[in-house]
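Counting convention: from 1, in listed order, for ligands and their atoms alike. This one's a predicted model, so the numbers in the text were calculated from it and none came from an experiment.
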Amino acid sequence: MAGSLDRTVVLITGASSGIGQATARLVAEQGGLPVLSARRTDRLEALAQELLGALAVQADVRDPAQVRRLVETTLEHHGRIDALVNNAGQGLHLPLEQVSLDDLVAITELNFYAPLVAMQAVLPVMRSQGSGAIINVSSGISRMVLPGAGAYAATKSALNMLSRVAREELAPDGIVVSVVYPSVTATEFHERLRAGSMPEGGSGLTPHSPEYVAKAIMRALYTGEAEVVIPHGPERPEEMKLTDPQA
Ligand SMILES: NC(=O)c1ccc[n+]([C@@H]2O[C@H](COP(=O)([O-])OP(=O)(O)OC[C@H]3O[C@@H](n4cnc5c(N)ncnc54)[C@H](OP(=O)(O)O)[C@@H]3O)[C@@H](O)[C@H]2O)c1
């Protein structure tokens, strides 16, 4: 059913699983045109077959040249980019004493540098359109002190500050930057850590569904609010209503 996104072009990184995949589905359901990006092409292509108007573009976002190519390919196809969801990310769970610099560099490239490069790549087109939305997917962990999570939380904290400054810098151009802070979410994330492993028995928190987090991303897209913080604990559907101010 067509919704209120009305052919809005939404570029989503990390769309091959979890939160990114759920966001892509919601964008398509709402009538938007999702551009699906990640490294696993088989998954992207399967999802693109399923979603009306979707485009799959493979990119390893740790490589700035591939991020720029992703943006160029999107522009060649659609001629515009209305929204960018910087969602691709990876965790690491180890005491700081055991964190290797190689691993820290890898997650920093993915969780912090890649969103910056993607923002820089879409800015000229959003500026020329006179509008655009950028949503950076952070983590609730960047708002806590959790042993084992320091390195990962540091990459997301860096992203938070970058996003806050970008919001101020870009407001005069009609570009709105928001941050979404998911809590623990039931995705592959916890099995695909760069290094270390989650504590036995998990975090003790009730995981949210990726669909719930996707709604928070959509809410940020509709409202342009600076931050959507998803509280820990059971899902609260009333807090994730898709509130379209234009509706
Ligand atoms: N799950 C949680 O509990 C949780 C909590 C707070 C925040 N988050 C954040 O939410 C975001 C989405 O995570 P998720 O939970 O949906 O995890 P996920 O299911 O593991 O998804 C991660 C996505 O990132 C992509 N990705 C990883 N490395 C990439 C690279 N080098 N280039 C391009 N894409 C890459 C993966 O695709 P490919 O492997 O196909 O490239 C995948 O689509 C992340 O930023 C994560 O930090 C998650």
Completion exercise
Scanning both residues in full, the closest heavy-atom pair of Leu92 with Leu193 reads N-CD2, 4.0 Å
Problem - Set of residues that line ligand 1, where lining means a heavy atom lies under 4.0 Å from it - result: Gly14, Ala15, Ser16, Ser17, Gly18, Ile19, Ala38, Arg39, Arg40, Ala59, Asp60, Val61, Arg62, Asn87, Ala88, Gly89, Leu110, Val137, Ser138, Ser139, Tyr152, Lys156, Pro182, Ser183, Val184, Thr185, Thr187, Glu188, Phe189, His190, Arg192
Completion exercise
Cluster membership besides Val67, Ile/Leu/Val/Met/Phe/Trp/Tyr side chains within less than 4.5 angstrom, sorted by chain and number, is Val61, Leu110, Val117
Practice task
Applying salt bridge (Lys or Arg N to Asp or Glu O under 4.0 Å), run through Glu188 and Arg43 and close with a yes or a no.
Solution key: CA-CA 14 Å; Glu188 297 170 12; Arg43 287 186 178 218; 2.8 Å; yes
Handout entry: Residues Ser163 and Asn136: side-chain donor-acceptor under 3.5 angstrom
Key = yes
Problem - Linked, directly or transitively: Leu116 and Leu70 (ILVMFWY side chains, under 4.5 Å) - result: yes
Problem - Expected output: side-chain Asn87 to main-chain Ile12 donor-acceptor under 3.5 Å - result: no
